[in-house]
Amino acid sequence: MVKNKKTKPSKELPLGFADRQEKELLVRDFVISNIKEVMIKYGFQYLETPSFEYTDSIGKFLPDKERPDAGVFSFKDENKWLSLRYDLTAPLARYVAKNYLELPKPFKRYQLGSVWRNEKPGPGRFREFLQFDADYVGTKNLQADAELCVLISEILEKCGLDKTDYTVKISSRKFTDKLFEQLKIKSKDQISKILRALDKIDRLGWSEAKKLLGEGRKDKSGDYTKGANLKNDKIKIIENVLKSKTPETEDVLEITKIFQAYNFKNYKFDPSVIRGLEYYTGAIFEVNLNFEVKNSKGQAIQFGSIGGGGRYDNLVSNFGNFDCPATGISIGLDRLVFALMQKKDFKIKSTRPIIICVFDKNRIKEYIEILNKLRTSNISSEIYPGEGKLKKQMEYANKIGSPAVILYGDNEIKSGRATLKNLETGNESPIKIEDLANEIKKLL
RNA sequence: GCAGCAGUAGCUCAGUUGGUUAGAGCACUAGUUUGUGGAACUAGGGGUCGGUGGUUCGAAUCCACCCUGCUGUACCA
């Protein structure tokens, strides 16, 4: 093989993708097991849909574009555009529409899966990430919306967060609709600019967001964003409405009433919760963390929400002639895990194997005998899988965090007792082969 | 997309009036110890200084363009 630098493959990862190591995966597993427990308790069904969908099925049909690349990863397969799903809600809507007659109504399902977004990654944001979704499809009952917030909160607390660590914010599209009616603003473009500005209050503060309602704003880096060009009197009205902090739409009032019945208190009505502009039709929720999150360099970063959702009463009916209200919530699991690992010192220890050291390859039969005894007792164990002297084997055992090694060389064979070396204390003791498993269990 | 900052060994980084063969710590390999890790000592391997082009007798260093990363901002169904 000719070694040519130009033909060597890159060891770099594509932008926005990440390798994830055991430490993180174990915390993720812990979170997932909590989620499943809660979902079963709340009566949800488990569903999985494929990673790819037809591009138009997930609302990404762009007839005027050669390639549907606006935020999704796509490719053309036999004249049909396929895209990697960008969330779990659109595939759910497709699934419900496809199986509409057979499904119970309401249909409650939860789903865990990777989603992909073809956009610029940010701190704690990747182009591939794991999402959790819980949805109620086919009901207008606001108890569904309320219960989603209660259930999210139960999941977070099971994962070790206190009530002071997070807040569920709630608002409703109906609230802002009413506001625009009052302000007599009808331009769709202006409305979306205003909504986006309101969405940023949380991050930028009112005085900066205000500039986006007016002429525009220059950010820290010197970049300029045009505003919605509202006159001061209208901005003032908006400011007052935001200050009032009392829910004035019936849906939010109803939901908060149900919260009381659940004795759920960790929520806040916040009209600046906006989220996606396209499909929410009623109540909107957002889950925010109240503690500081840092990146790998120790700098505090703008972390944003770890999840949210709301009511989308028109999404499923896009697929056919049926009226199918729905509401759902999702969590970005990787982001939650990232934050949790900073907040809590997880003592989830990974199980590392006991190492049986190799003195003589011809003794493999004896080593395997010991190995089988340990594995039969459900002890993680292995015969040193590499090649080299005892020193190298000890270094290996140390590096992988093995709790102990077993030495079984000439001396031990003569005496009929293996040496069990505890790698934490360094203590060595002679143990009969048949007692090894029990002795090891004592030190695990 | 826009903006600011950055890219030198596997990792963290030093390295300017441009000047021999580009450095340190950690990590790695071997040995001191042919049956003992986490400590110490000795020796060693490892870099087209992000890429391409330019200026120059000479570029890690200066210039242009590109790529990548971080942070902010825009978009986020």
Side-chain angles (χ1 to χ4, degrees), chain A residues 5-6 10-16 18 53 55-62 68 70-72 83 85-91 93 115-125 127 129 192-193 195-197 199-200 203-204 208 211-212 216-227 274-280 294-305 308-310 312 314-315 318 330 332 355 357-360 384 388-413 418-428:
Chain A
K5 194 132 207 178
K6 282 191 175 147
S10 169
K11 62 189 177 214
E12 302 307 321
L13 290 166
L15 174 66
E53 296 273 353
T55 303
D56 58 348
S57 306
I58 51 172
K60 262 295 153 188
F61 188 58
L62 306 169
V72 293
S83 296
R85 62 184 177 207
Y86 56 82
D87 69 9
L88 299 177
T89 313
V115 302
W116 294 265
R117 294 192 184 180
N118 191 359
E119 52 192 47
K120 192 209 142 196
R125 287 176 172 279
R127 299 212 290 183
F129 56 99
S192 69
K193 273 196 174 129
L195 287 176
R196 283 179 194 134
D199 199 27
K200 291 178 180 71
R203 186 153 41 94
L204 305 175
E208 289 300 305
K211 292 178 188 167
L212 288 170
R217 169 180 181 265
K218 199 178 192 176
D219 71 51
K220 231 160 62 181
S221 67
D223 197 20
Y224 188 81
T225 311
K226 269 193 191 167
I274 303 296
R275 298 192 66 80
L277 270 40
E278 293 292 323
Y279 65 54
Y280 290 124
K294 291 175 180 166
N295 67 7
S296 59
K297 289 182 181 170
Q299 308 164 279
I301 52 175
Q302 286 289 351
F303 197 68
S305 72
Y312 51 98
N314 301 327
L315 194 62
N318 280 344
S330 53
I355 308 299
C357 293
V358 175
F359 288 84
D360 178 355
Y384 175 65
K389 296 185 255 189
L390 190 58
K391 182 185 167 92
K392 213 172 160 186
Q393 304 190 29
M394 296 295 292
E395 280 169 354
Y396 168 81
N398 187 54
K399 182 140 198 178
I400 66 167
S402 170
V405 297
I406 290 169
L407 306 176
Y408 197 61
D410 287 339
N411 303 343
E412 285 81 4
I413 288 170
T419 301
L420 177 64
K421 175 160 183 161
N422 181 330
L423 284 181
E424 209 174 310
T425 62
N427 288 343
E428 291 183 12

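Here is how names work: the chains are called A, B, and so on, in the same order as the sequence lines, proteins then strands, and each is numbered from 1.
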Proximal nucleotide (of [options]) relative to the [X] side chain:
X: A/Leu212; options: B/rG37, B/rU36, B/rA74; value: B/rA74
X: A/Arg117; options: B/rU36, B/rA30, B/rC76; value: B/rC76
X: A/Tyr86; options: B/rG35, B/rC75, B/rA77; value: B/rA77
X: A/Lys421; options: B/rC75, B/rU36, B/rA30; value: B/rU36
X: A/Leu407; options: B/rG35, B/rG37, B/rA77; value: B/rG35
X: A/Glu395; options: B/rG35, B/rU73, B/rG37; value: B/rG37

Just the rounded figure in Å: distance from [atom2] of [N] to [atom1] of [X].
X: A/Lys218; N: B/rG4; atom1: NZ; atom2: P; value: 11 Å
X: A/Asn118; N: B/rC76; atom1: CG; atom2: P; value: 15 Å
X: A/Leu390; N: B/rG38; atom1: CG; atom2: P; value: 12 Å
X: A/Asn411; N: B/rU36; atom1: CG; atom2: P; value: 12 Å
X: A/Leu195; N: B/rC76; atom1: CG; atom2: P; value: 10 Å
X: A/Asp360; N: B/rG35; atom1: CG; atom2: P; value: 11 Å
X: A/Asn427; N: B/rG38; atom1: CG; atom2: C1'; value: 14 Å
X: A/Ile355; N: B/rG37; atom1: CD1; atom2: P; value: 15 Å

Identify the nucleotide, in any strand shown, that forms a Watson-Crick or G-U wobble pair with [N], with both distances under 3.5 Å; if there is none, say none.
N: B/rG38; result: none
N: B/rG25; result: B/rC11
N: B/rC62; result: B/rG54
N: B/rC76; result: none
N: B/rA6; result: B/rU68

Which value, in whole Å, describes the distance between the [atom1] atoms of nucleotides [N] and [M]?
N: B/rA59; M: B/rU42; atom1: P; value: 37 Å
N: B/rA40; M: B/rG4; atom1: C1'; value: 47 Å
N: B/rG38; M: B/rA22; atom1: P; value: 33 Å
N: B/rU8; M: B/rU16; atom1: C1'; value: 15 Å
N: B/rC49; M: B/rU68; atom1: C1'; value: 16 Å
N: B/rG37; M: B/rA30; atom1: P; value: 13 Å
N: B/rA60; M: B/rG7; atom1: C1'; value: 12 Å
N: B/rU33; M: B/rU71; atom1: P; value: 50 Å

I'd like to check [X] versus [Y] (side-chain heavy atoms, cut-off strictly below 4.5 Å). Are they in contact?
X: A/Arg275; Y: A/Ser305; result: yes
X: A/Ile58; Y: A/Ser83; result: yes
X: A/Lys211; Y: A/Leu204; result: no
X: A/Asp410; Y: A/Phe359; result: no

Tell me if the side-chain of [X] makes a donor-acceptor pair with the base of [N], cut-off 3.5 Å, by modelled atom types.
X: A/Lys120; N: B/rG72; answer: yes
X: A/Lys389; N: B/rU34; answer: no
X: A/Asp410; N: B/rG35; answer: no
X: A/Asn398; N: B/rG38; answer: no

Checking all strands, does [X] fall into the base, sugar-phosphate, or nothing category for heavy-atom contacts under 4.0 angstrom?
X: A/Leu204; answer: sugar-phosphate
X: A/Glu428; answer: base
X: A/Glu208; answer: nothing
X: A/Arg203; answer: sugar-phosphate
X: A/Lys399; answer: sugar-phosphate
X: A/Lys226; answer: nothing
X: A/Glu119; answer: base

Ignoring backbone atoms, test whether [X] places a side-chain nitrogen or oxygen under 4.0 Å from the OP1 or OP2 oxygen of [N].
X: A/Lys193; N: B/rA74; value: no
X: A/Arg196; N: B/rC75; value: yes
X: A/Lys391; N: B/rU36; value: no

* To do: On RNA chain B, check which nucleotide each of A/Asp87 and A/Pro14 is closest to and give me the residue with the more 5' one.
  =>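 Between the two, 5'-proximity favours A/Pro14.
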* For A/Arg125 and A/Tyr396, take the nucleotide of RNA chain B holding the closest heavy atom to each; which residue's nucleotide lies nearer the 5' end? -> A/Tyr396
* Structure fact -> When rounded to the nearest 0.5 Å, the distance separating CD1 of A/Ile400 from CG of A/Leu423 is 9.5 Å
* Asked: Atom CZ of A/Arg127 and atom CG of A/Asn118: how far apart are they, to the nearest 0.5 Å?
  ->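 Those atoms lie 5.0 Å apart.
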* Would you say the side-chain atoms of A/Thr419 and A/Glu412 include a donor-acceptor pair closer than 3.5 Å? -> yes
* Between the main-chain N or O of A/Tyr86 and the side-chain N or O of A/Arg117, is there a donor-acceptor pair closer than 3.5 Å? ->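 Checking the backbone N and O of A/Tyr86 against the side chain of A/Arg117, a donor-acceptor pair under 3.5 Å is found.
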* Within 6.0 Å of CD in A/Glu428, more than 12 heavy atoms from elsewhere -> yes
